[in-house]
Amino acid sequence: MSTMISHLRNLRLTSRKRGSEALEDDPPTQAASEAEASPKPSPKPPLKALPGSPARKPRSTAKPRSTAKAPPPPPDTPEVAARKELHTLVGSLPSKTFHATILTRLHDATPEQVSVLTQLLNGVEPPSLLHCARCHSSYYEEDNVERSCVMDHDDNSTEVEHGKTAWGCCGNTVEGEDTPLGWCYEGKHTDDRVKARYREDYESDDSEDGLQSCEQRKCKRRVRKQAGSEPHVVVTRHRGERQPPTKRRRSS
């Protein structure tokens, strides 16, 4: 009897020992079961952009540009190279130099050169040579700039009083009997007599404008008529040539 009781005690001790060893050998199982039993945290909502703040640009998924250099273009043919060289030369020459050179070399040009130049200029027509109603100079409209037409002060439009001289043509007053600086008029040419008015002492006069006619100036004219156009008057007169004064005093 006593033997059986001691045998049962040994079995209990053995089973308890095995249970404690099993718990020590498998701690992750218990931790995993506890983790599964605990509630999972909910994912964070995306951040909203504040009003007025710039929107974030999406990341570009484009591939980076290749750093490889492009192959050089093929060299020009001799014909293309010669054409480019001639184009550069003509574009760099002043118009007067190019014009004078062509006229000078035409005297000794061969028939082949004349034929080539004639083909290049086929269809080109010279512009109309106009006549300025203000200064009576000849001009081309393409060369007409803000300083093309200049007029001197009119000596006969002056009034001297108290050591000062009033110039009626431009409306300026200077000390002593000096002439005002600069031109009385400086601007563009015009072939319209109405637009050619410039004098201050004729500003309120509709019947006269203080301008001189071609007959008064005795302009030397020649007529050139182009195909399909009216003849144009050409005046041979140097730029800036002083015109005879008009005898008109400034109205009081």
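FYI, the numbering just counts along the sequence from 1. Scope of the values below: all heavy atoms of this structure, side chains included, with no hydrogens, waters or symmetry mates. Keep in mind that what you see is a predicted model, and the values were worked out from it rather than measured.
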Counterpart residues, salt bridge (charged side-chain N to carboxylate O under 4.0 Å, His left out), relative to Lys195 (two or more places apart):
none
Take Ser157 and Asp201, measure what side-chain contact (heavy atoms from CB on, under 4.5 Å) needs, and give me the verdict at the end.
CA-CA 8 Å; Ser157 68; Asp201 47 359; 3.9 Å; yes
About how many Å separate CG of Asp155 and OG1 of Thr165, when rounded to the nearest 0.5 Å?
10.5 Å
Listed partners of Thr97 passing side chain to side chain donor-acceptor pair (under 3.5 Å), at least two apart
none
Working note: Glu186 + Ser148, criterion side-chain contact (heavy atoms from CB on, under 4.5 Å); need CA distance, chi angles, decisive distance, verdict.
CA-CA 7 Å; Glu186 183 176 13; Ser148 296; over 6 Å; no
State the OG-CG distance between Ser138 and Leu129, to the nearest 0.5 angstrom.
5.0 Å
Using only atom types and a distance under 3.5 Å, with no angle test, would you say the side chain of Arg134 pairs donor to acceptor with the backbone of Lys188?
yes
Nearest 0.5 Å, what's the OH-SG distance between Tyr198 and Cys170?
9.5 Å
State, to 0.1 Å, how close Asp209 and Tyr202 come at their nearest heavy-atom pair, and which atoms those are.
C-CG, 3.7 Å
Trp183 reachable from Val145 in the ILVMFWY side-chain graph, under 4.5 Å edges:
no
Mind running side chain to side chain donor-acceptor pair (under 3.5 Å) on Asp192 and Thr190 for me, showing each step along the way?
CA-CA 5 Å; Asp192 188 343; Thr190 179; 5.6 Å; no
With side-chain contact (heavy atoms from CB on, under 4.5 Å) as the criterion, how do His153 and Thr158 come out once you've worked through the C-alpha distance, each side chain's angles and the decisive distance to 0.1 Å?
CA-CA 9 Å; His153 297 278; Thr158 60; over 6 Å; no
Kindly compute the distance separating CD1 (Ile102) from CG (Leu93), expressed to the nearest 0.5 Å.
9.0 Å
Those residues at least two apart in sequence (or on a different chain) that pass side chain to side chain contact (heavy atoms under 4.5 Å, CB included) with Ala133 are Arg193, Ala196
So how far is it from Arg217 CZ to Leu211 CG, rounded to the nearest 0.5 Å?
10.5 Å
Checking one residue: Val116. Which other hydrophobic residues are in its cluster under the side-chain 4.5 Å linking rule?
Leu120
Could you check whether any side-chain heavy atom of Trp167 comes within less than 4.5 Å of a side-chain heavy atom of Val174, counting everything from C-beta outward?
yes
Apply side chain to side chain contact (heavy atoms under 4.5 Å, CB included) to Asp76 and list each qualifying residue two or more places apart in sequence or on a separate chain.
Val80, Ala81, Lys84
Check the pair Ser92 / Val90 against side-chain contact (heavy atoms from CB on, under 4.5 Å), numbers first and verdict last.
CA-CA 6 Å; Ser92 61; Val90 174; over 6 Å; no
Would a single hydrophobic cluster contain both Leu103 and Leu117, if residues Ile, Leu, Val, Met, Phe, Trp and Tyr are joined by side-chain heavy-atom contacts under 4.5 Å?
no
CD (Glu141) with more than 12 external heavy atoms under 6.0 Å
yes
Which pair of non-hydrogen atoms, one from His189 and one from Cys149, has the smallest distance, and what is that distance?
ND1-CB, 3.4 Å
Test of understanding: with side chain to side chain contact (heavy atoms under 4.5 Å, CB included), list the residues that count as partners of Glu142, not counting sequence neighbours.
Pro127, Tyr140
So how far is it from Leu130 CG to Asp143 CG, rounded to the nearest 0.5 Å?
10.5 Å
Taking all non-hydrogen atoms of both residues, which atom of Tyr139 and which atom of His131 are closest, and how far apart?
CE2-C, 3.7 Å
With hydrophobic residues grouped by side-chain heavy-atom distances under 4.5 Å, do Leu181 and Met151 end up in a single group?
no
Taking every heavy atom of Cys219 against every heavy atom of His136, the minimum-distance pair comes out as SG-ND1, 3.7 Å
